[in-house]
Every structure is written in structure tokens, then in C-alpha cells.
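Remember, predicted model here, so these are calculated numbers, not experimental data. Each chain gets a letter, A, B and so on, in the order its sequence line appears, and its residues count up from 1.
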Amino acid sequence: MGNSHQGGVAHAATVSKFYSQTAWIEGRAEDQLTHVSNWPGMKHIAAFPDLHPGRHGPVGAAFLADRLYPQLIGPDIGCGMALFALDLSPRRLKLDKAARRLRVLQEPLPEDLVQDALVANGLARPDGLGTIGGGNHFCEVLEVTASEAGSPIAKGALCLLVHTGSRGHGARVYNAVDEPWKEGFDPGSAAALDYRELHDAAQHWANVNRLLIAERAAEALSSDAALICDAPHNHLEEVDGLWLHRKGAAAPDHGLAPLAGSREAPSFLLKVRETATPDALWSVSHGAGRKYDRASMHGRIKLNRSGLAAMERTAQGGRVICENRDLMIEEAGAAYKDVTSVAADLEDAGLAARIATLKPRITFKCTRKEGQS
DNA sequence: ATGTAC
């Protein structure tokens with residue numbers, strides 16, 4: 001664990017794996033790791049215990065190269081997890097009422113507020129600003145059930161975890177990248193400079209989006225949200241003249257990063273030891289990581305006659321608002337790895353320590369739209 | 001992951 005070793009091919013990047021022998025890692029994810037390690041200019045890769053297969057390379061890894069690879073970042077540029085403290089006590093949180101109120105997150109942000117946000121933050125386009133989007137994105141209310149020394153949130157407090165990114169804005173940037181780009185971009189090329197400028201703007205857009213969603217959710221709950229940390233996990237960063245690509249690997253914010261579990265498992269706040277482990281490329285896991293791909297989940301989850309309703313309440317008594325049947329199945333707790341094992345591997349590797357345990361109470365994913373099942 | 005088109 002954590003030991004660096006050369007790949008089998010000349011000039012391949014070094015790969016550091018921060019997971020134990022018993023970690024759930026698909027062979028295909030490790031094959032992708034080896035494949036990317038042979039890309040031109042790839043120097044070093046850090047792979048984390050949430051590693052799983054992705055479209056152009058594994059998710060749950062950080063890649064350091066002397067070239068730029070937009071496909072390693074993907075369309076959701078700037079996607080990340082932001083954690084907020086809520087000014088609201090668990091006793092005052094009425095789950096069903098609060099869940100109903102959070103449904104406002106499905107609505108577009110009112111146009112006047114969009115315009116205000118664009119001006120205040122120097123953003124170019126609305127592109128769905130203030131909404132969380134689909135896939136694995138969510139806005140969740142959690143209760144702090146354990147808190148260690150150094151934690152900014154106390155046991156018994158409520159917090160808000162927002163997982164979203166740059167929506168249509170980053171997707172447009174990504175989809176506009178001229179192919180072919182399999183060899184990556186020379187960092188000095190016009191294409192690279194263009195991508196970097198648009199990427200940085202999309203990352204900022206995503207950052208603002210998480211803050212706006214937290215404000216909307218807090219207002220719906222008649223509370224206030226105070227930012228604890230906002231850790232992006234899909235982005236490009238220059239490090240000593242090289243290019244660090246994070247794909248589902250979190251960049252800690254002031255040494256903190258949320259580690260998302262699932263609707264059936266806790267999440268954790270991690271204190272990250274950023275300087276101790278350059279082999280980890282100043283990154284950690286951002287969540288449990290997918291155990292089963294979306295398609296295969298439909299054969300694994302059998303909804304009974306009560307259908308979605310059975311999944312709208314978790315075993316822990318939490319509420320889930322996800323009125324898209326397919327998404328509910330694809331995002332079931334069973335689709336994710338054991339987050340406690342992921343956290344233990346990060347701790348054993350000396351990368352991070354859990355300083356707070358967060359139990360999901362209400363997860364907002366989506367309400368029903370016309371035409372959806 | 002997205003918006004749009006089928």
C-alpha cells in the first residue's frame with residue numbers, strides 16, 4: 001500500500017496504489033490504470049480505494065503529466081463536494097416536511113437570481129445555474145453522529161452536502177474540444193491555452209453552483225448554511241510546470257474533504273495530510289466509489305409492487321427524493337463500495353483521518369418530470 | 001454529465 005512501482009513498459013508512468021489487498025477493485029479499472037500509465041507524457045498516477053472503471057480512464061485517481069488530457073477530466077469540469085454547517089437542530093428537522101420543501105431544488109433558479117449571480121461572480125452563461133443535475137449528483141441533509149478533535153462540526157449538528165458540478169457549462173467546454181485529442185495537448189499549444197481558460201471558468205462556475213444550491217436548500221429549510229469546505233474532484237491544476245488531472249479524486253480544501261458514502265451508508269469528513277504524501281498527488285478519494293455499473297444495477301435490484309416508495313425511506317429512517325425509477329436503482333446503496341473500508345484504506349495509507357461521521361437524513365436527487373417513469 | 005434530438 002502506498003508503495004510506488006514502475007509499470008512493465010518502458011517510459012510508463014509510476015503508479016501508487018493507496019488501497020489494500022482486500023479492496024473491491026475491478027480488473028477493468030486496473031487495466032485502465034495500466035493503459036493510461038502508457039499515454040505520452042504521463043509521469044505519475046495515484047489510485048485510491050474508490051477506483052472504478054470510467055469512459056476514458058479509471059475514476060478515483062489523479063494523473064500527473066507533461067501534457068493536457070481533457071478526456072481525463074470529462075464533461076463535468078469542476079464537479080466536487082461542498083459541506084456546509086446548517087443552523088438547525090435535528091429535533092427541529094421534520095423529515096417529511098423538509099423533504100417536501102427541498103423539492104424546490106428541481107425548479108430553475110428564478111431568472112432575477114440567476115442574473116444577480118452571473119454579475120456578482122463574473123460568470124458568462126446561466127446553463128442551469130442553481131440546479132444539481134443528474135447522475136450521482138445530490139443535495140443532502142446529514143446529522144453528525146460522531147466528531148473527533150479538530151472537527152469543525154460538533155456531534156448532533158446538521159449539515160448539508162452538495163455534490164454537483166458545472167452542468168451544461170462544463171459539458172459545452174468539453175464537447176467543443178477539437179478531436180482528435182487522444183495524444184493530449186502540448187501545454188504551449190493554442191488548443192491547450194484555450195482549454196485551460198475555458199476549464200478554469202467552468203471550475204469557477206461549478207464552485208458558485210454549489211454555493212447557490214446550498215443557499216437554496218438552507219432557505220427551503222428556513223436555516224443558514226455556513227461553508228466548511230468545498231473540494232473539487234474533476235479538474236486540471238498546474239503543479240511545478242506539470243499538469244495534475246483529478247478524476248473522482250478530491251483536492252482537499254484547507255486540509256478537509258468530504259468522503260461521500262451512499263443513502264444507506266454514512267459519509268465522513270476527512271482531515272487530509274496533504275504534505276506528507278506527494279505520491280498521492282495531494283489528493284484523496286471523494287466517495288465510496290461505484291461497485292457495480294449503472295446498467296448491471298437493473299438486474300440486481302428488484303423493486304416490488306410498492307416500487308419506488310420502498311426506497312424513499314432508508315433503513316436508517318432517512319428520506320430520499322428520487323422520482324426517476326431508473327436513477328433510484330442505479331444510485332442504490334448497493335451500487336457503491338463499503339465506504340468504511342475506503343476510509344480505512346486511506347487511513348492505513350497515512351493519507352487522511354476521519355474526523356466526523358455524517359448520517360444521511362434527506363437526500364434530494366430529482367422530482368418527477370413529465371414523461372418520466 | 002449534459003442538452004438536444006429522435
Checklist outcome for this item: To the nearest angstrom, the CG-P distance between A:Asn209 and B:dA1 comes to 15 Å
Item to check | Between C1' of B:dA1 and NE2 of A:His137, the distance in whole Å | outcome: 7 Å
Checklist entry - With respect to the phosphate group of B:dT2, does any side-chain polar atom (N or O) of A:Asn175 fall under 4.0 Å of OP1 or OP2? => result no
Item to check | Watson-Crick or G-U stems of DNA chain B, 3 or more pairs, under 3.5 Å, by first number | outcome: none
Item to check | From CA spacing to verdict: salt bridge (charged side-chain N to carboxylate O under 4.0 Å, His left out), A:Asp66, A:Lys43 | outcome: CA-CA 7 Å; A:Asp66 65 11; A:Lys43 302 294 186 192; 3.6 Å; yes
Checklist entry - In whole angstrom, what separates A:His235's NE2 from B:dA1's P? => result 17 Å
Checklist entry - Separation of A:His169 atom NE2 from B:dT2 atom C1', in whole Å? => result 13 Å
Item to check | A:Ile132 CD1 - B:dA1 P separation (whole Å) | outcome: 12 Å
Next on the checklist: Parallel, tilted or perpendicular, judged at 30° and 60°: which one describes the rings of A:His35 and A:Trp39?
Outcome noted: perpendicular
Checklist entry - In whole angstroms, how far is the P atom of B:dA1 from the NE2 atom of A:His163? => result 8 Å
Item to check | A:Pro258: which of A:Ser267, A:Cys229, A:Pro252 passes side chain to side chain contact (heavy atoms under 4.5 Å, CB included) | outcome: A:Cys229
Checklist entry - B:dT2 C1' sits how many Å from A:Asn234 CG, rounded? => result 14 Å
Checklist entry - Salt-bridged, A:Glu323 to A:Arg368, with N to O below 4.0 Å? => result no
Item to check | Evaluation steps, side chain to side chain contact (heavy atoms under 4.5 Å, CB included), between A:Gln106 and A:Thr131 | outcome: CA-CA 7 Å; A:Gln106 191 69 46; A:Thr131 60; over 6 Å; no
Checklist entry - Whole Å only: how far is the CG atom of A:Leu129 from the P atom of B:dA1? => result 19 Å
Item to check | Aromatic A:Tyr336 / basic A:Arg290 pairing, under 6.0 angstrom, 45° off normal | outcome: yes
